[in-house]
Amino acid sequence: MHQWKFNRISGLDQVELRNGSDLLNLKFLDQKLWVALSCPVKGLELDEKTLALIDTDKNGRIRVPEVLAAIEWCAARLKNLDDLTKPQSALPLALLNEETPEGKLLLGSSKHILQGLGKASATSISVEDTVDPQKIFSTTVFNGDGIITADVASDDATKNTILEIIALYGGETDRSGKPGINAAKTEQYFKDAAAHVAWVDAGTSAAVNAVGEKTAPALEAIRSIRAKVDDYFARCSLASFDQRALSALNRQESEYLVVASKDLTLGASEMSGFPLSRVEAGRPLSLTEGLNPAWAASMAQLRRDAIVPFFGADKITLSSEEWSALCQKIAPFEQWTNSRPVTPVASLPLARIREIATGAQREQILKWIQQDAAVAAESSAVGDVERLARYYRDLGTLLRNFVNFSDFYNPDTWATFQAGKLYFDSRSCDLCVHIDDPAAHSILASLSKCYLAYCDLKRGSETQKIVACFSQGDSDYLMAGRNGLFYDRKGKDWDATITKIVDFPISLRQAFWSPYKKFTRMIEEQVTKRAAAAETKADATLGLAAGAVANADKTKPAEPKKIDVGTVAALGVAVGAIGTAFGYFLGLFKGLAWWQFPLLIVGIMLAISLPSVAMAWIKLRHRTLGPILDATGWAVNARVKINIPFGTSLTQRARLPHGSIHTLRDPFADKAAARRRMWIILMIIFAVAAYGTYAYKTRHWPFKKEMPAPEKTPAPDNVQQKAG
């Protein structure tokens, strides 16, 4: 049985996370005792990437099982979890547990990272050390990704080979950010070089090179006109089959007329469609005469590069059988040419390809790649090192704002949901929460019984929204449209504008004076209405008077209006009512001693203010943070109360600094009004003092009831006789 410690803070019992044992036993703690059951990943003042790592199902929310899983993950890699309750910015390497495979792997990976950063002697590793893989591996030769760069080679020949592979086959991005090569591309490079050399050597045989160096030009000449020569011999063969086709095979006269109607050149495209030479049955192809002008140049190339090498310079005609024999002789070379490997290596000079094919550098390059892959486990664990460094730095903070809300109730720290400080109306509000939709948020947040001000924040082109809780002062000058200043947790200042108010009592002080302020506002409204009505009536009267003056010559003078008896009676009734009320008020003081007057005034004020104060006190007792956070995606599991003392600490009023010099002399004060007030106060004090002195000397106290004098009873006879 694990012994827990609970603290009561603001009426809420919260478990205290004292050490690693408490963290390991959280899985056995009844979840009804957790302050929160889930929270959003976004909108908190905690590194969002850390929260995303804890959110294993990637649904944007962190729940109790995911928090417990993060604790178990740390337990398998750290010697103890005590430091998670009091973390530092960097993770000490001494905390990694070498007794477990996970801890041993992360320790080796951490040292590998620090070595790559030039911090081989460092004893701790921070989140900043792990977030940039390119920086980590920029100076390391082997980084476990199975890719090597040219920096691995110490000799120019091997370095140039690696660069040549990158240029021909494309580079793979190394963890250092530089281009490199892997085993697959290296093998392909040397394989393609060997295949190309084998192909070149196969083309040197006599069976392939029928006429030696002249074989290639012969093939090119044959290819350039092969289709046309085959067409010619096919037409002659058809003419031998049927003489009636001869005219059609040589094309119609009308087709020549179309061509002849244009300006002709020897290479005219219209002529290339006609037969290579005049078609006759069994007629051999002349190599020098009677050729289609469009193909004359190609036929000259054929005779020079193919006919002469194979048949001699005297050959001037070519039969169908000779043409077939020529094509058969060139066929092996043509097949060899068509089998040429199409590889990036083929673009290199043959001498360089033969050098590559020897494979002198192949084994060394592959050895380096294998050596790089050997540290894959440690290098791949960089992500886990970053995770552990983040958990070490941030997990304790999350627990203090999830399992309990100790950071919220601690005056020296900020809770993760507190966005910053809002300055408004000579006050600063510490309870400010990021929101997305004020209208949707206010529906649930109104259940918190807190006075909430929704604000739009703007800083240049950046915008965001917050809700601020006012828990001290009054709300007389808080209204939509007013502007203030907001400082976020990073110290950046934002322009703040109130857009919406959820009105609830702020303080008992406000509730006490609220009836009098309402009464004053009602008087001001009535006076304003009466003044406006009187002004309207006066304007109408002036208008009538002006009209009467303008038309004085056309109207008869009006008889003076007699005073209406009803008006006089109404005035009398009003004066009587006022006198009766005044008499009733004075009657309250009748029979009271002078020292009872202040008590009566205090009693009247309490009678007026106590109902308002009582209602405000009831509402202030029910203020809670839960609905405010629930509306942003939290699942608050307890009544996180904001009682009156704690609420006072969340909103600070303006106070002069200690030791300040305060001059009360205002150069722009209304001195005449101040003098009048002073004279009135002095006259009242003088009158009260004078009357008090008079009453003390004469024993004639105001409103004091005179007790009737006791009746004198006649003395007995014997008493009278003795007296006599």
Side-chain angles (χ1 to χ4, degrees), residues 36-46 48 51 59-62 401 405 408 414-425 427-489 492-507 510 615-616 619-620 622-642 647 650-651:
L37 297 178
S38 71
C39 71
V41 170
K42 298 181 180 294
L44 303 183
E45 294 299 326
L46 198 62
E48 190 173 309
L51 298 176
N59 65 345
R61 297 175 61 80
I62 295 175
N401 293 269
F405 272 13
F408 179 57
W414 290 80
T416 58
F417 48 78
Q418 289 179 270
K421 189 183 290 285
L422 176 67
Y423 287 86
F424 219 104
D425 193 34
R427 280 169 287 183
S428 64
C429 300
D430 291 339
L431 182 50
C432 302
V433 180
H434 286 294
I435 60 170
D436 295 324
D437 186 356
H441 184 274
S442 62
I443 296 174
L444 183 58
S446 61
L447 300 178
S448 67
K449 300 294 190 299
C450 296
Y451 187 96
L452 303 177
Y454 291 86
C455 301
D456 282 348
L457 306 181
K458 185 175 182 181
R459 178 183 170 87
S461 60
E462 298 180 81
T463 60
Q464 54 180 314
K465 300 178 186 296
I466 62 165
V467 58
C469 175
F470 284 82
S471 54
Q472 191 178 176
D474 53 54
S475 60
D476 293 346
Y477 298 99
L478 295 177
M479 60 195 71
R482 289 204 62 195
N483 297 322
L485 190 65
F486 176 77
Y487 289 92
D488 62 21
R489 295 277 290 272
K492 294 181 180 179
D493 56 292
W494 299 70
D495 293 323
T497 303
I498 294 181
T499 58
K500 182 181 177 65
I501 296 288
V502 174
D503 193 3
F504 278 96
I506 294 180
S507 63
Q510 176 191 9
M615 292 180 62
K619 292 181 179 179
L620 291 175
H622 289 86
R623 287 188 305 189
T624 177
L625 177 66
I628 299 176
L629 296 183
D630 286 342
T632 62
W634 283 72
V636 179
N637 192 38
R639 291 189 60 195
V640 186
K641 295 181 179 180
I642 305 176
L650 292 175
T651 301

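Throughout, residue positions are numbered sequentially from 1 according to the sequence presented.
Side-chain contact between Ile642 and Cys450 is present, with heavy atoms from C-beta onward closer than 4.5 Å. Side-chain atoms of Lys42 and His434, non-hydrogen and from C-beta on, never get closer than 4.5 Å to each other. In this structure the side chain of Leu51 reaches within 4.5 angstrom of the side chain of Ile62, judged on heavy atoms. Under the 4.5 Å side-chain criterion, counting only non-hydrogen atoms from C-beta, Phe470 is in contact with Phe424. Proximity of Ile628 to Val433: side-chain heavy atoms (C-beta onward) are separated by under 4.5 Å at one or more points. Residues Glu45 and Trp414 have side chains not in contact (no heavy-atom distance under 4.5 Å, counting atoms from C-beta outward). Within the 4.5 Å cutoff, no side-chain heavy atoms of Asp425 are placed close to those of Asp476. Ile498 has its side chain out of reach of Met479: every pair of non-hydrogen atoms, C-beta onward, lies at least 4.5 Å apart.
Under the 30°/60° scheme for interplanar angles, the aromatic rings of Phe417 and Trp634 are found to stand perpendicular.
A donor-acceptor pair is defined here as one N or O able to donate and one able to accept, closer than 3.5 Å; such a pair exists between the side chain of Arg459 and the backbone of Asp493. Tyr454 places no side-chain N or O within donor-acceptor distance of the main-chain N or O of Ala468, the cut-off being under 3.5 Å. Remark: the backbone N or O of Ile506 is not paired with any side-chain donor or acceptor of Gln472 at under 3.5 angstrom. The main-chain N or O of Phe405 is never found under 3.5 Å from a side-chain atom of Asn401 such that the two would form a donor-acceptor pair. Distance alone, capped at 3.5 Å, places no donor-acceptor pair between the Arg489 side chain and the Leu46 backbone.
The line from NZ of Lys421 to CG of Leu650 is 9.5 Å long, rounded to the nearest 0.5 Å. Atoms CZ and OG1, on Arg639 and Thr624 in that order, are 6.0 Å from each other to the nearest 0.5 Å. Atom CH2 in Trp494 sits 13.5 Å away from atom SG in Cys455 (nearest 0.5 Å). Rounding to the nearest 0.5 Å places CG of Asp630 at 10.5 Å from OG of Ser448. Once rounded to the nearest 0.5 Å, the distance linking CD1 of Ile501 with CZ of Arg482 reads 10.5 Å. In this structure, the separation between CD1 on Ile435 and NZ on Lys465 is 7.5 Å, given to the nearest 0.5 Å.
Checked by atom type, the side-chain pair Thr497/Asn483 shows a donor-acceptor distance below 3.5 Å. Using modelled atom types, one finds a donor on one side chain and an acceptor on the other under 3.5 Å when comparing Thr651 with Ser471. Of the N and O atoms on the side chains of Ser38 and Arg61, at least one donor lies less than 3.5 Å from an acceptor on the other residue.
Heavy atoms of other residues, nucleotides or ligands lying less than 6.0 angstrom from CG of Asp436 number 12 at most.
Leu478 and Asp474 get closest at one heavy-atom pair: CD1-O, 4.1 Å. Shortest non-hydrogen contact noted between His441 and Val467 is CE1-CG1, 3.8 Å. Residue Gln418 comes nearest to Asp430 through the heavy atom pair NE2-O, 3.0 Å, listed as atom of the first residue, atom of the second, then distance.
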Salt bridge (charged side-chain N to carboxylate O under 4.0 Å, His left out) evaluation trace for Asp495 with Lys458: CA-CA 5 Å; Asp495 293 323; Lys458 185 175 182 181; over 6 Å; no
Just do the side chain to side chain contact (heavy atoms under 4.5 Å, CB included) check on Phe504 and Leu452 with the steps written out, would you? CA-CA 8 Å; Phe504 278 96; Leu452 303 177; over 6 Å; no
